[in-house]
Amino acid sequence: MKIPDELLMLLAPLVLIHLFYAVAVIKMNLSVIDTAWGLGFITISACGTWLSRGSSLLENFILMMVVLWGLRLALFIHWRNHGKPEDFRYAQWRKDWGENTNRIAYFKVYLLQWGLMLVVGLPLFAVHGTQASLGFFQWLGLLIWLVGLLWESVADFQKSFFKAQAGNAHKLCNIGLWRLSRHPNYFGEALLWWGIGIAAIHDAKYWVLLGPAFINFLLLKVSGVPLIEARHEKNPEYQKYKQETPTLIPALNKLLK
């Protein structure tokens, strides 16, 4: 009996998640899951392209977008976290969960991450095996994706460069794109996923936009902005920054000041 392609695409990132979970247990560092995020989508997209024997132009088009984004993000996060203590979010959970950390994290961090990948990655499933050609939505999506990728990449570079300067490790980064919004990296992430979603539209499959809409929700209401904002809740400098700077969408008028 042939296993459906979609089921294999569902299971492929689950294998990756378990590999990263094993590393996290051995190293006693849950932060490694952050590196798996981008690689998980590459796994889904690459698995689908391989199963369709690479014959779908649109599927290869989306794969290219996902690989370039996912590899950049995974390499950046690995470089940023390498040799450093566990991320503050996971460190706090480790304190809260105690000796049950690995068991609880398996469900609340790792399997949850897999589930989120499947929803955000709806565009990757939608293009599997299609013979649709490239048209208006694909080129529009590529343009939006490119702007988002550049925005996220520049934001990450600017913050890393700022933090690397002597005396800046614990200072608030409000230079470059960080002057225009408080979370420019998340803005870029959201934008590039809208690009992928739009590029995946074919045969009136507008439901693919549920993927980028869902990651917008995650970034704004769940795992992105809320966690960082809560961390700086008692920081007067950040509260002033918060009053003067929009959350996600950049205040382009600041460029004129």
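Side-chain atoms are counted along with the backbone in the values below, which use heavy atoms only and exclude waters and symmetry mates. Counting from 1, the numbers follow the sequence of the chain as shown. Only a predicted model underlies this, so the values are computations on that prediction, with no experimental measurement involved.
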Is the backbone of Ala200 close enough, under 3.5 Å, to the side chain of His202 for a donor and an acceptor to pair up by distance?
-> yes

Distance-minimising heavy-atom pair for Ala155 and Asn185 = CB-N, 3.7 Å

Flag side-chain contact, heavy atom, 4.5 Å: Pro250 against Trp151 | yes

Do Lys159 and Trp178 meet the cation-pi criteria used here (NZ or CZ under 6.0 Å from the six-membered ring centre, within 45° of the axis)?
-> yes

Side chain to side chain, Asp87 and Asn81, heavy atoms closer than 4.5 Å | no

Can you name the salt bridge (charged side-chain N to carboxylate O under 4.0 Å, His left out) partners of Glu6, sequence neighbours left out?
-> none

Around Trp50, counting heavy atoms of other residues, nucleotides and ligands shown, do more than 12 lie under 6.0 Å from its CH2?
-> no

Please examine the side chains of Arg182 and Glu229, heavy atoms only from C-beta on, and report whether any two atoms are closer than 4.5 Å.
-> yes

Shared ILVMFWY cluster between Leu68 and Leu143, side chains joined below 4.5 angstrom?
-> no

With sequence neighbours left out, the residues meeting side chain to side chain contact (heavy atoms under 4.5 Å, CB included) with Phe137 are Ile198, Ile201, Tyr206

Between Trp93 and Trp97, how do the two ring planes meet: parallel, tilted or perpendicular, split at 30° and 60°?
-> parallel

Can you list every pair that meets salt bridge (Lys or Arg N to Asp or Glu O under 4.0 Å) and has a residue in residues 34-49, with sequence neighbours left out?
-> Asp34-Arg89

Taking a hydrophobic cluster as the set of Ile, Leu, Val, Met, Phe, Trp and Tyr residues connected by side-chain heavy atoms closer than 4.5 Å, whether directly or through intermediates, do Val66 and Leu150 fall within one such cluster?
-> yes

Report yes or no: do Trp79 and Leu75 belong to one cluster of Ile/Leu/Val/Met/Phe/Trp/Tyr joined by side chain heavy-atom distances under 4.5 Å?
-> no

Tell me, yes or no, whether the heavy-atom count around Phe88 atom CZ, taken from other residues, nucleotides or ligands under 6.0 Å, exceeds 12.
-> yes

State yes or no: are the ring centers of Trp145 and Trp194 separated by less than 6.0 Å?
-> no

Taken to the nearest 0.5 Å, the spacing of Thr49 OG1 from Leu124 CG works out to 9.0 Å

Distance (rounded to the nearest 0.5 Å) between Gln131 CD and Glu59 CD | 9.0 Å

Do Ile44 and Phe125 have side chains that get closer than 4.5 Å, going by heavy atoms?
-> yes

Of all heavy-atom pairs between Asn216 and Ala190, which one has the smallest distance, and what is that distance?
-> OD1-CB, 3.2 Å

When hydrophobic residues are tied together by side-chain contacts of less than 4.5 Å, even through go-betweens, does Val154 share a cluster with Phe161?
-> no

Would you sort out whether Asn174 and Thr245 count as a side-chain contact (heavy atoms from CB on, under 4.5 Å), showing the intermediate values?
-> CA-CA 9 Å; Asn174 59 357; Thr245 314; over 6 Å; no

Interatomic spacing from OH in Tyr186 to OG in Ser223 - rounded to 0.5 Å = 7.0 Å

Mind checking the CE-CG spacing from Met117 to Leu112? Nearest 0.5 Å is all I need.
-> 10.5 Å

Identify each donor-acceptor pair in which a side-chain atom of residues 9-29 lies under 3.5 Å from a protein atom, sequence neighbours left out, and give them as a table.
| residue | atom | partner | partner atom | Å |
| --- | --- | --- | --- | --- |
| His18 | ND1 | Leu14 | O | 2.8 |
| His18 | NE2 | Tyr106 | OH | 2.7 |
| Tyr21 | OH | Asn102 | O | 2.8 |
| Asn29 | OD1 | Ser31 | N | 2.8 |
| Asn29 | OD1 | Ser31 | OG | 3.0 |

With distance as the sole criterion, is a donor-acceptor pair present between the side chains of Gln92 and Asp96 under 3.5 Å?
-> yes

Give the minimum heavy-atom separation between Pro123 and Gly211, together with the two atoms involved.
-> CD-CA, 4.4 Å

Considering only heavy atoms from C-beta outward, does the side chain of Leu210 approach that of Val119 to under 4.5 Å?
-> no

Applying side-chain contact (heavy atoms from CB on, under 4.5 Å), run through Tyr110 and Val32 and close with a yes or a no.
-> CA-CA 10 Å; Tyr110 283 76; Val32 297; 3.4 Å; yes

Count the heavy atoms belonging to other residues, nucleotides or ligands that lie under 6.0 Å from CD of Glu233, then report whether that count exceeds 12.
-> no

Please examine the side chains of Leu122 and Lys205, heavy atoms only from C-beta on, and report whether any two atoms are closer than 4.5 Å.
-> no

Heavy-atom pair with the smallest gap, counting every atom of Trp37 and Ile215 = CZ2-CD1, 4.1 Å

Which distance, rounded to the nearest 0.5 Å, do you find between the CG of Leu146 and the CH2 of Trp69?
-> 15.5 Å

Side chain of Gln138, backbone of Gly135: donor and acceptor closer than 3.5 Å?
-> yes

When you check the side-chain N and O atoms of Ser153 and Arg72, is any donor under 3.5 Å from an acceptor?
-> yes

Just wondering, do Ile77 and Thr35 contact through their side chains at under 4.5 Å, heavy atoms?
-> yes

Give, for atom CG of Asp5 and atom NE2 of His128, the distance between the pair rounded to the nearest 0.5 Å.
-> 3.5 Å

Taking C-beta and beyond as the side chain, do Leu30 and Thr101 meet within less than 4.5 Å on heavy atoms?
-> yes

Hey, is the main chain of Pro236 close enough, under 3.5 Å, to the side chain of Lys240 for a donor-acceptor pair?
-> no

Evaluate the ring planes of His82 and His78, with Trp represented by its six-membered ring, and classify them as parallel (under 30°), tilted (30 to 60°) or perpendicular (over 60°).
-> tilted

Whichever hydrophobic residues join Ile175 through chains of side-chain contacts under 4.5 Å | Phe162

Between Gln158 (side chain) and Leu177 (backbone), is there a donor-acceptor pair under 3.5 Å?
-> yes

Show your working on side-chain contact (heavy atoms from CB on, under 4.5 Å) between Leu142 and Phe61 and close with a plain yes or no.
-> CA-CA 9 Å; Leu142 179 65; Phe61 187 74; 3.9 Å; yes

Can you check side-chain contact (heavy atoms from CB on, under 4.5 Å) on Leu191 and Leu149, steps first, answer last?
-> CA-CA 8 Å; Leu191 195 62; Leu149 180 66; over 6 Å; no

Return the minimal non-hydrogen interatomic distance between Trp207 and Ala126, and the atom names on each side.
-> CH2-CB, 3.6 Å

If you draw a 6.0 Å radius around CD1 in Ile3, do more than 12 non-hydrogen atoms from other residues or ligands fall strictly inside?
-> no

Check whether Phe157 and Leu180 end up in the same hydrophobic cluster, where Ile, Leu, Val, Met, Phe, Trp and Tyr are linked by side-chain heavy atoms less than 4.5 Å apart.
-> no

Enumerate the residue pairs fulfilling salt bridge (Lys or Arg N to Asp or Glu O under 4.0 Å) with a member in residues 112-125, sequence neighbours excluded, ordered by first and then second residue.
-> none

Around atom CG of Leu227, are there more than 12 heavy atoms of other residues, nucleotides or ligands at under 6.0 Å?
-> yes

